[in-house]
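Input: a single structure, listed below in structure tokens.
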There are 2 protein chains.
Amino acid sequence: MKLHLQIKMNEALFLRNPEGSELGKNILKHSIQLIFKAGFEAFTFKKLAEDIGTTEAGIYRYFENKHKLLVYLTAWYWGWLEFQISFQTNNIKDPTVKLKRVIKLLASAVEDDEQTSYINESLLHQIIITEGTKAYLTKQVGEDNKQQFFKPYKDLCAVIGKIILECSPKYKYPKSLASTIIEMAHFQTFFMNNLPSLTDFGKIKKEAEIIAFLNDIVFTSLKKS
Amino acid sequence: MKLHLQIKMNEALFLRNPEGSELGKNILKHSIQLIFKAGFEAFTFKKLAEDIGTTEAGIYRYFENKHKLLVYLTAWYWGWLEFQISFQTNNIKDPTVKLKRVIKLLASAVEDDEQTSYINESLLHQIIITEGTKAYLTKQVGEDNKQQFFKPYKDLCAVIGKIILECSPKYKYPKSLASTIIEMAHFQTFFMNNLPSLTDFGKIKKEAEIIAFLNDIVFTSLKKS
DNA sequence: TTATTTATGATAGTAATGCTATCATTTAAT
DNA sequence: ATTAAATGATAGCATTACTATCATAAATAA
């Protein structure tokens with residue numbers, strides 16, 4: 001049996017549901033490829049349309065603008081990652097083991113999981129590293145937040161914060177520590193690959209080092225309290 | 001005596017030195033105001049020119065494009081901050097006290113310091129929180145890095161990494177911890193003000209809480225090793 | 001002092017971006 | 001078979017992101 005993982009998306013993110021048609025799925029698929037290749041700044045709906053073989057107007061029927069599309073992709077990613085985490089930490093009793101697992105999932109390269117043919121999770125993960133924060137580092141963050149665009153990110157953060165509290169019920173900063181490890185899993189990866197002198201992994205370039213660093217931060221913080 | 005703090009800027013960042021003329025200083029001053037007000041995405045040289053009362057072409061004589069201007073502003077900020085840190089931690093012997101001071105400087109609102117009339121450090125600090133990472137989270141990060149655009153950031157990171165090692169000579173991740181506290185000082189501030197459920201300071205909204213969180217992370221990490 | 005370089009202002013123009021609108025056609029639902 | 005919905009094709013328009021040209025003002029060197 002082929003499981004069909006469908007992530008429930010906030011309907012305010014799109015004009016027409018991209019998962020409901022071939023063109024829509026193509027928009028998702030090719031936008032991931034194009035943002036990955038060109039970067040978000042150089043990414044335009046015109047180029048995307050050419051890639052797909054449709055017209056600009058066709059894209060605009062699905063997404064209001066490229067910002068909404070980026071928010072859609074990041075929301076999809078966080079939803080997918082939360083599912084991966086709940087799936088892969090299921091049946092683990094020891095919260096410490098669970099949290100280690102979470103950190104590994106956050107900082108590891110993702111392999112394309114084939115369940116969703118139109119989303120290449122590996123590429124999407126790399127996009128999130130470089131472009132993910134641009135979804136909320138904007139002037140409209142307040143309105144976007146009111147519309148719940150960042151709920152998947154917040155949910156993930158809450159899940160991780162809970163595991164942190166299970167490890168160490170008296171720890172005072174579970175949510176901030178959660179958002180810190182999420183962001184640092186990405187930033188340290190970006191730095192390692194692009195600005196290596198900002199890290200201690202420049203020579204080795206192994207994600208295992210980043211995982212060790214995050215584990216060190218998290219478990220020394222939690223041991224104390 | 002009025003001290004005139006001049007930060008030595010990388011000449012590849014500009015076409016004409018903005019600190020060398022009235023128009024140039026106006027570009028710096030008004031770009032900070034306008035980016036703060038409109039956000040970097042909506043910021044254009046046209047609007048900037050109108051604000052200043054000059055023409056678009058006038059701006060282009062100083063900066064190739066708005067990306068370079070942003071990189072210039074961030075580089076200026078990191079250079080300024082490194083000076084602040086070296087100044088304000090001067091004569092402090094105890095590296096632990098020194099590091100606490102650094103964390104406080106990283107996470108505190110900045111008051112405009114009047115030494116540089118054309119740069120409002122308080123506004124610039126707020127810009128760096130929201131827009132700072134966009135200077136390097138781009139496709140051109142490699143070329144920009146080759147041209148040393150991020151040297152001030154790396155230098156600051158190296159300085160903080162050194163203090164970390166003074167506190168705890170065996171600690172394995174001084175540079176990654178340094179880049180982590182720099183970025184988290186900003187991200188936690190942004191989250192606190194805009195996406196408070198990603199932090200534990202939503203209700204209180206005090207930077208003192210962020211400082212306490214960073215201190216907790218840093219000094220538990222260092223105590224152990 | 002005049003001559004000359006240099007910075008600015010004013011204006012134009014062009015290709016690309018970020019949309020919106022219209023209408024014909026294909027495809028799907030009733 | 002009729003109607004509704006999605007797509008394709010084309011047009012158009014305001015803004016953005018530049019580049020170029022020429023005149024003038026200010027600074028500087030001869």
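Lettering follows sequence order; numbering is per chain, from 1.
- Where DNA chain D meets chain B (any atom under 4.0 Å from a heavy atom), the bounding nucleotides read 5' to 3' are dT16(D) to dT21(D).
- For Thr130(A) (side chain) and Ile127(A) (main-chain N/O), no donor-acceptor pair under 3.5 Å exists by modelled atom type.
- One interatomic measurement links the two molecules: CG of Asn65(B) to P of dA16(C), which rounds to 17 Å at whole-angstrom precision.
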- Task: Determine, step by step, whether Tyr173(A) and Glu209(B) satisfy the side-chain hydrogen bond (donor to acceptor under 3.5 Å, both in side chains) criterion, reporting the C-alpha distance in whole Å, the side-chain angles of both residues, the deciding distance to 0.1 Å, and the verdict.
- Result: CA-CA 10 Å; Tyr173(A) 311 106; Glu209(B) 292 292 308; 5.0 Å; no

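- Side chain to side chain, Ser21(A) and Tyr62(A) meet the donor-acceptor criterion of an N or O pair below 3.5 Å.
- If you check the side chains of Ser176(B) and Gln188(A), you find a donor sitting under 3.5 Å from an acceptor.
- As a whole-Å value, the separation of Leu15(A) CG from dG18(C) P is 16 Å.
- For the pair Glu56(B) CD and dG13(C) C1', the interatomic distance rounds to 12 Å; values are reported in whole Å.
- Relative orientation of the Phe187(A) and Phe191(A) rings is perpendicular, given thresholds of 30° and 60° on the angle between their planes.
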- Classify every nucleotide of nucleotides 4-9 of chain C by which part a protein heavy atom approaches to under 4.0 Å, writing B for the base, S for the sugar-phosphate alone and - for neither, in 5'-to-3' order. ---SBB

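- A search for side-chain contact (heavy atoms from CB on, under 4.5 Å) contacts involving Pro174(A) returns Ile164(A), Leu165(A), Tyr171(A), Asp200(B), not counting sequence neighbours.
- Heavy-atom distances under 4.0 Å link DNA chain D to Thr44(B), Lys47(B) of residues 29-47 of chain B, given in residue order.
- Below 30°, between 30° and 60°, or above 60°: for Phe150(B) and Tyr136(B) the angle between ring planes is above 60°, a perpendicular geometry.
- For residues 120-134 of chain B, the set of pairs meeting the salt bridge (Lys or Arg N to Asp or Glu O under 4.0 Å) definition, not counting sequence neighbours, comprises Glu41(B)-Lys134(B), Glu131(B)-Lys134(B).
- Using a 3.5 Å distance cut-off with no hydrogens or angles, the side chains of Lys154(B) and Asn145(B) do pair a donor with an acceptor.
- For residues 14-58 of chain B, the set of pairs meeting the ring-ring contact (aromatic ring centres under 6.0 Å, His included) definition, not counting sequence neighbours, comprises Phe45(B)-Tyr60(B).
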